[in-house]
Number of protein chains: 2
Amino acid sequence: MLPIGRLARESGVKIPTIRYYESIGLLPEPARSEGNRRLYPVEAVRRLKFIRHARELGFEIDAIRRLAQMAQHPADPCCEADLLARERLAEIEDKIAKLAAQRDELLRMIGECAHGKVAECGVIDVLGDHDKCLHHRH
Amino acid sequence: MLPIGRLARESGVKIPTIRYYESIGLLPEPARSEGNRRLYPVEAVRRLKFIRHARELGFEIDAIRRLAQMAQHPADPCCEADLLARERLAEIEDKIAKLAAQRDELLRMIGECAHGKVAECGVIDVLGDHDKCLHHRH
DNA sequence: GTACGATCTCCAGTCACTGGAGAAGCAAGG
DNA sequence: CCTTGCTTCTCCAGTGACTGGAGATCGTAC
């Protein structure tokens, strides 16, 4: 049984975050020592690493809840895991596209700046007039 | 002088958001009618559009505060606007890179899924074992 | 006069943490 | 036995940028 500090070190998840996960029901409540300290079984490391990894891939807590649930039932069909991953993928593609549009616009703005006074600054100028944008839907 | 609803329509910024901007000092407090309604001068439309545009490009409120400040002083040098835009650009590049790494990883995970049981699912499998990742720093 | 829409203020909720305050447990050294 | 210092405890407030609801009031048209 590990105390919370060791679990944090081994899983790479901070102590307050572990407690937070417990409070929202993503981690089960662990056993307690006589002095009321949390004591985790060794599997908790694996579970927390799983959660951390999913967070690093940008999955929301609710999605992770379901993924973690599935991971505990290896005989079930995995179509939902597939679906969640595809949804996340679509979200990512969308974000990348939006960011790329922002990047292009910023590059153009910076390029149009005379680097002198505000009056001739492309950055301020374009911000003040959306019609000067290439991508009207960013 | 425009009431808040008209300002919202013409600027494309929602009413609660306008009031929020006022509360944080991004918009000056407008005049009031006898019945305590906000009454904006016509320039407020331009200012709000400027803010909206900057938000759409992902600038934080604090950066917008400075950009809007600069826009009102056309004779000042614009190096700070330049700098803010370059910082935002760097942020975007960084985010895109991270998202691209996540996308690649997800694609690989989905590709490795046998689409049957959880036990053979690439998605669940890779989540449970970070060592199976190509990019160890996502 | 009354119905309806626009607006008012205030407050709570979103998401996923993060950090501080103040108290208590615990192991080692003197 | 006592102190020192580390770890952990609970509770609560803050982050960013809004968003939305409750309940009251204003303004106008019929």
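By convention in this document, chain letters (A, B, ...) are assigned in the order of the sequence lines, proteins followed by strands, and residues within each chain are numbered from 1. Remember, it's a predicted structure, so these values are computed and weren't measured experimentally.
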> To the nearest Å, how far apart are Leu48(A) CG and dC17(C) P?
Replying inline: 11 Å
> Is it true that Glu43(B) and Arg47(B) make a salt bridge, defined as a side-chain N closer than 4.0 Å to a carboxylate O?
Replying inline: no
> Should Tyr40(B) and Leu48(B) count as side-chain neighbours, where that means a heavy-atom distance under 4.5 Å?
Replying inline: no
> Does Arg32(B) place a side-chain N or O at less than 4.0 Å from the phosphate oxygens OP1/OP2 of dT7(C)?
Replying inline: no
> Using a heavy-atom distance cut-off of less than 4.0 Å, which residues of residues 4-22 of chain B contact DNA chain C?
Replying inline: Ile4(B), Gly5(B), Ile15(B), Arg19(B)
>> Using every non-hydrogen atom in the two residues, find where Pro30(B) and Leu39(B) come nearest and quote the distance to one decimal.
In response: CB-O, 3.6 Å
>> From CD of Glu56(A) over to P of dA16(C), roughly how many Å is that when rounded to an integer?
In response: 15 Å
> Glu29(B) side chain to Glu22(B) main-chain N or O, any donor-acceptor pair under 3.5 Å?
Replying inline: no
>> To the nearest 10°, give me the bend of the helix from dG1(C)-dC30(D) to dG30(C)-dC1(D), comparing the axes of its five terminal pairs at either end.
In response: 30°
>> Rounded to whole Å, please give me the gap between CD in Glu60(A) and C1' in dT14(C).
In response: 11 Å
> Below 4.0 angstrom, N of the basic side chain to O of the carboxylate: do Arg88(B) and Glu91(B) qualify?
Replying inline: yes
>> What is the distance, to the nearest angstrom, from the CG atom on Leu27(B) to the P atom on dA17(D)?
In response: 15 Å
> Do Leu57(B) and Met109(A) touch side chain to side chain, with heavy atoms closer than 4.5 Å?
Replying inline: yes
> Any donor and acceptor pair, going by atom type alone, linking the side chain of Arg103(B) with main-chain N or O of Glu93(A) inside 3.5 Å?
Replying inline: no
> Would a 4.5 Å heavy-atom cut-off, applied to side chains only, mark Val13(B) and Ile51(B) as touching?
Replying inline: no
> To the nearest angstrom, how far is Arg38(A) atom CZ from dA24(C) atom P?
Replying inline: 17 Å
> Separation of Asp62(B) atom CG from dT15(D) atom P, in whole Å?
Replying inline: 11 Å
> Are Glu60(A) and Glu87(A) close enough that some pair of their side-chain heavy atoms sits under 4.5 Å apart?
Replying inline: no
> Within the side chain of Arg52(A), is there an N or O that forms a donor-acceptor pair under 3.5 Å with the backbone of Ser11(A)?
Replying inline: yes
> To the nearest Å, how far apart are Ile24(B) CD1 and dG16(D) C1'?
Replying inline: 9 Å
> Can you tell me how far C1' of dG16(D) sits from CD of Glu91(B), to the nearest Å?
Replying inline: 13 Å
> Are Arg66(A) and Asp62(A) within salt-bridge range, i.e. N to O under 4.0 Å?
Replying inline: no
>> Protein within reach of the bases, or only the backbone? For nucleotides 23-30 of chain D, mark each nucleotide 5' to 3' as B, S or -, using heavy atoms under 4.0 Å.
In response: --BBS---
